[in-house]
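Convention: sequence-line order gives letters A, B, ...; per-chain numbering from 1. All values below were derived from every heavy atom in this structure, side-chain atoms included, with hydrogens, water molecules and symmetry-related copies excluded.
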Amino acid sequence: MEISFFDKVFLLAKQIPYGKVCTYGHIAKAIGAPRAARMVGWAINKSFSHPEYIPAHRVVNRIGMLSGKNHFPNQNTMQELLESEGIIVENDQIIDFEKHLWIPYLFIDTHS
DNA sequence: CTCGTGACTCCCC
DNA sequence: AGGGGAGCCACGA
């Protein structure tokens with residue numbers, strides 16, 4: 001039984017450490033679908049209705065912008081969550097983004 | 001079943 | 001160097 005793309009995104013997102021962030025692209029690459037970054041965002045969006053806690057606020061686009069902030073209950077929720085973890089956000093942009101970036105290890109691709 | 005739609009990214013003019 | 005288009009794939013209508 002293979003893990004769905006969907007669940008892979010969740011599994012990976014859950015591994016993002018406190019105070020760190022990751023990008024859609026890196027996640028996509030790590031789960032073996034390097035061009036499917038859009039779907040990662042979509043999956044993360046769905047994570048709100050997922051039973052387990054998914055730190056959706058720790059996933060941003062490649063330049064460190066909070067492209068998903070509008071999908072949170074309030075416009076400030078994402079930023080507040082990040083700042084509560086020690087990440088400074090200014091104009092929807094993470095300051096010292098690369099310093100907070102967490103790059104996931106590659107998943108084993110069971111498809112091969 | 002087909003079509004449209006994404007919280008994106010890369011490549012090619 | 002910057003803008004536009006194509007690729008990606010799951011899911012709902």
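- Residue A/Phe72 places its side chain closer to B/dA7 than to any other of C/dC9, C/dA10, B/dA7.
- Put simply, the side chain of A/Asn61 gets close to the backbone of A/Ile63: a donor and an acceptor are under 3.5 Å apart.
- When distances run from any side-chain atom of A/Thr23 to the nucleotides C/dA10, B/dT9, B/dC8, the shortest one goes to B/dT9.
- Cluster annotation: A/Val40 is not connected to A/Val60 through the hydrophobic network of ILVMFWY side chains, with a link wherever side-chain heavy atoms come within less than 4.5 Å.
- Nearest-nucleotide assignment on DNA chain B puts the 5′-proximal partner with A/Trp42, out of A/His26 and A/Trp42.
- Interatomic distance, A/His71 NE2 to A/Ile44 CD1, rounded to the nearest 0.5 Å: 12.0 Å.
- For A/Glu85, the side chain to side chain donor-acceptor pair (under 3.5 Å) partners are A/His57, A/Arg58, not counting sequence neighbours.
- Listed candidates were C/dG12, B/dA7, B/dG6. Nearest to the side chain of A/Ala56 is B/dA7.
- Nearest to the side-chain atoms of A/Ala37 among the listed nucleotides B/dC10, C/dC8, B/dC8 stands B/dC8.
- Candidate nucleotides C/dG7, C/dC11, B/dA7 were compared by shortest atom distance to the side chain of A/Arg38, and C/dG7 ranks first.
- Within the 4.0 angstrom heavy-atom criterion, only backbone atoms of the sugar-phosphate kind lie near A/Asn61; the bases stay farther away.
- No contact: A/Ala28 has no heavy atom under 4.0 Å from any strand.
- Of the candidate nucleotides B/dT9, C/dA10, C/dC8, C/dC8 has the atom lying nearest to any side-chain atom of A/Ala36.
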